A.B. asks: 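One structure follows; several queries about it will come next.
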Amino acid sequence: MNSTGESHGRKADAPAESAGATDAATEAFVTHRNLLFTVAYEMLGSAADAEDVLQEAWLRWVKVDLDQVKDHRAYLVRITSRQALNRLRSVKRRRESYVGSWLPEPLLTTPDVAADVELSESVSMALMLVLETLTPTERAVFVLREAFGIGYDDIAAAVDKTPAAVHQIAHRARRHVEARRPRRSVTARQAQVALDAFQRALETRDLQGLLDVLAPDVVAISDGGGIKQTTPRPVVGARKVATFIVGGLTKHDVTLTVEPTAVNGSPALALHYDGDLDGVIAISVEDSRITGLYYVRNPQKLTHRATEIPLTRQ
């Protein structure tokens, strides 16, 4: 059984009862697979880690006596969350030694993700960066409660805490996130208009065009993972960001091709230098101006560019 829930078959002499239980386990896992992936991805910010978590969850799920499980969805979310939390604690330590700034892995998403306002916000680059500032347990509790509406008792079972403790953790995490998340949301149309203006300025290397669409306190973060060159720290301020962008394009004298795309439920741009994919830029917008630029250049984080990922809260 692989992480997509595809069966590799079973031995012909397997007992009928055991085969039936395996079929039921497979059906339940496949039914909820997109949800489980979304949970793991929101907790980890990495599709590769989320896939590994699903494999681990599957190996535990097939050992469960399904006759004792009243709610397959809730139980699967619990298993997946527990495995994701264990992995999050491990990757948290690895990210402390990451070369340069770390950004979540951008996922090419289906149109229905953008249509679900709550889902698209919960997987946005801006919010997922805020989630990085939480402790692993706070992040798990926040994601399960705020993004997926999981009950406190089920969350408590997933994170090995009492329901009362989960209440306190959820309150603390919510307060932390609210203090740091973007203050004013914009419509999808406003975000697209801002991105279109940014694209035109990029393609023409128009410094003033960039200054017109960037908020005064815009923050640009780039992630090369030590593989591609990036700024070691975020660049802050419209003038500095615009100058850095135009200067970089001019300095390297490359043929730039900009392709509109959608990542994590929001409009984004894929940048090609001399025909080769260089990276993906996601944005955050407030008051019709870009407040955040998130440029993922690390090629290890661009492997999910070819296939749309069906994220879901259901």
Side-chain angles (χ1 to χ4, degrees), residues 1 3 5 21 24-25 28-29 31-97 102 104-105 118-119 122-123 127-180 311-314:
M1 181 76 188
S3 64
F29 193 89
T31 297
H32 300 295
R33 187 191 187 284
N34 291 344
L35 167 66
L36 303 179
F37 178 86
T38 308
V39 169
Y41 174 72
E42 287 200 33
M43 287 179 60
L44 294 160
S46 162
D49 285 325
E51 291 286 1
D52 288 344
V53 162
L54 260 61
Q55 185 66 41
E56 294 163 0
W58 163 253
L59 294 175
R60 284 159 177 77
W61 173 243
V62 293
K63 297 176 182 178
V64 173
D65 181 358
L66 298 189
D67 291 336
Q68 304 301 313
V69 179
K70 294 181 180 179
D71 186 336
H72 290 176
R73 178 185 184 274
Y75 200 93
L76 279 165
V77 169
R78 182 188 306 177
I79 294 175
T80 301
S81 302
R82 186 172 295 161
Q83 298 309 312
L85 179 56
N86 291 338
R87 182 164 291 256
L88 181 58
R89 289 169 175 148
S90 174
V91 301
K92 194 81 170 177
R93 291 189 291 272
R94 293 205 310 266
R95 287 173 190 171
E96 291 174 356
S97 59
W102 184 93
E105 180 178 354
E118 291 185 17
L119 176 59
S122 71
V123 296
L127 182 59
M128 293 191 75
L129 270 180
V130 173
L131 297 185
E132 282 291 310
T133 64
L134 298 172
T135 68
T137 300
E138 286 173 342
R139 182 167 184 169
V141 170
F142 181 87
V143 166
L144 292 173
R145 184 61 187 169
E146 299 299 320
F148 299 98
I150 305 299
Y152 288 111
D153 289 345
D154 286 330
I155 297 175
V159 301
D160 293 324
K161 301 286 185 181
T162 66
V166 168
H167 269 278
Q168 291 298 318
I169 295 170
H171 176 72
R172 185 168 64 244
R174 191 181 306 114
R175 185 173 56 192
H176 180 97
V177 171
E178 288 300 326
R180 291 163 177 79
L311 303 177
T312 181
R313 292 184 297 139
Q314 303 304 318

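Model, not experiment: these values are computed from the prediction.
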A.B. asks: For residues 161-175, which residue pairs pass the salt bridge (charged side-chain N to carboxylate O under 4.0 Å, His left out) check, not counting sequence neighbours?
C.D. replies: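 Sorted pair list: Glu138-Arg172, Glu146-Arg174.
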A.B. asks: Could you work out, with salt bridge (charged side-chain N to carboxylate O under 4.0 Å, His left out) as the rule, every residue matching Arg87, not counting sequence neighbours?
C.D. replies: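 Once residues adjacent in sequence are excluded, the partners of Arg87 under the salt bridge (charged side-chain N to carboxylate O under 4.0 Å, His left out) criterion are Asp49, Asp52, Glu56.
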A.B. asks: Only counting residues at least two apart or in another chain, list the ones meeting side-chain hydrogen bond (donor to acceptor under 3.5 Å, both in side chains) with His72.
C.D. replies: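 His72 satisfies side-chain hydrogen bond (donor to acceptor under 3.5 Å, both in side chains) with no other residue.
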A.B. asks: Which atoms form the tightest heavy-atom contact between Leu85 and Ala140, and what is the distance?
C.D. replies: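 Heavy atoms only, the tightest pair is CD1-CB, 4.1 Å.
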A.B. asks: Do Leu127 and Val177 make a side-chain contact, defined as non-hydrogen atoms from C-beta onward lying under 4.5 Å apart?
C.D. replies: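 A side-chain contact exists here, since the closest heavy-atom pair is under 4.5 Å.
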A.B. asks: Which atom names give the shortest non-hydrogen contact between Leu88 and Pro136, and what distance separates them?
C.D. replies: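 Distance-wise, the nearest heavy atoms are CD2-CA, 3.5 Å.
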A.B. asks: Please name all residues satisfying side-chain hydrogen bond (donor to acceptor under 3.5 Å, both in side chains) with Thr162, sequence neighbours left out, ordered by chain then number.
C.D. replies: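 Thr162 satisfies side-chain hydrogen bond (donor to acceptor under 3.5 Å, both in side chains) with no residue once adjacent residues are dropped.
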A.B. asks: Show, in sequence, the C-alpha distance, side-chain angles and deciding distance for Asn34 and Leu311, and conclude whether the side chain to side chain contact (heavy atoms under 4.5 Å, CB included) test is met.
C.D. replies: CA-CA 6 Å; Asn34 291 344; Leu311 303 177; over 6 Å; no
A.B. asks: Hey, can you tell me if Tyr75 and Trp61 have their rings parallel, tilted or perpendicular (30° and 60° cut-offs)?
C.D. replies: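 Tyr75 vs Trp61 ring planes: tilted.
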A.B. asks: Can you list the residues that meet the side chain to side chain contact (heavy atoms under 4.5 Å, CB included) rule with Asp153, with sequence neighbours excluded?
C.D. replies: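 Per chain and number, Asp153 pairs via side chain to side chain contact (heavy atoms under 4.5 Å, CB included) with Pro163.
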A.B. asks: So does Glu42 get a backbone contact from the side chain of Arg139, meaning a donor-acceptor N/O pair under 3.5 Å?
C.D. replies: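 Yes, because the side chain of Arg139 sits within donor-acceptor range (under 3.5 Å) of the backbone of Glu42.
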A.B. asks: Do Leu36 and Phe29 come close enough that some side-chain heavy atom pair is under 4.5 Å?
C.D. replies: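 Yes, side chains in contact.
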A.B. asks: Between Ser122 (side chain only) and Leu119 (backbone N and O only), is there a donor and an acceptor less than 3.5 Å apart?
C.D. replies: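 Yes, the answer is positive, given that a donor and an acceptor are paired below the 3.5 Å cut-off.
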A.B. asks: Tell me the closest heavy-atom pair linking Thr80 and Ala40, and the distance in Å.
C.D. replies: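 Looking at all heavy atoms of both residues, the shortest contact is CG2-CB, 4.2 Å.
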A.B. asks: Under a 4.5 Å cut-off applied to non-hydrogen side-chain atoms, are Val69 and Val64 in contact?
C.D. replies: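 Yes, at least one pair of side-chain atoms sits under 4.5 Å.
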A.B. asks: Quick one: side-chain hydrogen bond (donor to acceptor under 3.5 Å, both in side chains) partners of Arg95, sequence neighbours excluded?
C.D. replies: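 Partners of Arg95 by the side-chain hydrogen bond (donor to acceptor under 3.5 Å, both in side chains) criterion, ordered by chain and then number, come out as Glu132.
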A.B. asks: Run the side chain to side chain contact (heavy atoms under 4.5 Å, CB included) test against Glu118 and tell me which residues pass, sequence neighbours left out.
C.D. replies: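 Once residues adjacent in sequence are excluded, the partners of Glu118 under the side chain to side chain contact (heavy atoms under 4.5 Å, CB included) criterion are Asp116, Arg313.
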A.B. asks: Kindly indicate, with the supporting measurements, whether the criterion side chain to side chain contact (heavy atoms under 4.5 Å, CB included) is fulfilled by Leu131 and Val143.
C.D. replies: CA-CA 9 Å; Leu131 297 185; Val143 166; 4.0 Å; yes
A.B. asks: Give, for atom OG1 of Thr31 and atom CD of Gln314, the distance between the pair rounded to the nearest 0.5 Å.
C.D. replies: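 CD of Gln314 is found 14.0 Å from OG1 of Thr31.
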A.B. asks: Sub-3.5 Å donor-acceptor pair from the side chain of Arg82 to the main-chain atoms of Ala157, do we have one?
C.D. replies: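 Checked: pair present.
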A.B. asks: Check salt bridge (charged side-chain N to carboxylate O under 4.0 Å, His left out) between Glu178 and all other residues, then give those that pass, not counting sequence neighbours.
C.D. replies: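 Scan of Glu178 (salt bridge (charged side-chain N to carboxylate O under 4.0 Å, His left out), adjacent residues dropped) gives Arg181.
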A.B. asks: Heavy atoms only: give me the nearest Phe37-Ala50 pair and the separation to one decimal.
C.D. replies: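 Closest heavy-atom pair between Phe37 and Ala50: CE1-CB, 3.7 Å.
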A.B. asks: Which residues pass the ring-ring contact (aromatic ring centres under 6.0 Å, His included) test with His171, sequence neighbours left out?
C.D. replies: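 With sequence neighbours excluded, His171 shows a ring-ring contact (aromatic ring centres under 6.0 Å, His included) to no residue whatsoever.
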A.B. asks: Are the side chain of Tyr41 and the backbone of Val123 linked by a donor-acceptor contact shorter than 3.5 Å?
C.D. replies: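 Side chain of Tyr41 to backbone of Val123: no pair is present.
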A.B. asks: Report the residues that fulfil side chain to side chain contact (heavy atoms under 4.5 Å, CB included) with Ser90, sequence neighbours left out, ordered by chain and then residue number.
C.D. replies: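 Per chain and number, Ser90 pairs via side chain to side chain contact (heavy atoms under 4.5 Å, CB included) with Arg93, Arg94.
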A.B. asks: Just to verify, what does Gln83 make a side-chain hydrogen bond (donor to acceptor under 3.5 Å, both in side chains) with, not counting sequence neighbours?
C.D. replies: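 Here no residue qualifies.
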A.B. asks: Is any side-chain heavy atom of Thr137 closer than 4.5 Å to one of Arg89?
C.D. replies: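 They are in side-chain contact.
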A.B. asks: Using every non-hydrogen atom in the two residues, find where Leu76 and Ala28 come nearest and quote the distance to one decimal.
C.D. replies: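 So the minimum-distance heavy-atom pair works out to CD1-O, 3.7 Å.
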A.B. asks: Applying ring-ring contact (aromatic ring centres under 6.0 Å, His included), which residue pairs with at least one partner in residues 141-163 are found, sequence neighbours left out?
C.D. replies: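 Residue pairs with at least one partner in residues 141-163: Tyr152-His167.
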A.B. asks: Contact between Ser46 and Val91 at the side-chain level, heavy atoms closer than 4.5 Å - yes or no?
C.D. replies: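 A side-chain contact under 4.5 Å is absent here.
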A.B. asks: Hey, what do you get for CG (Asp154) to CG (Leu144), rounding to the nearest 0.5 Å?
C.D. replies: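 Nearest 0.5 Å value for the CG-CG distance: 9.5 Å.
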A.B. asks: Can you name the closest pair of heavy atoms from Met128 and Gly45 and give their distance?
C.D. replies: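 In this case the closest contact between Met128 and Gly45 is CE-CA, 3.5 Å.
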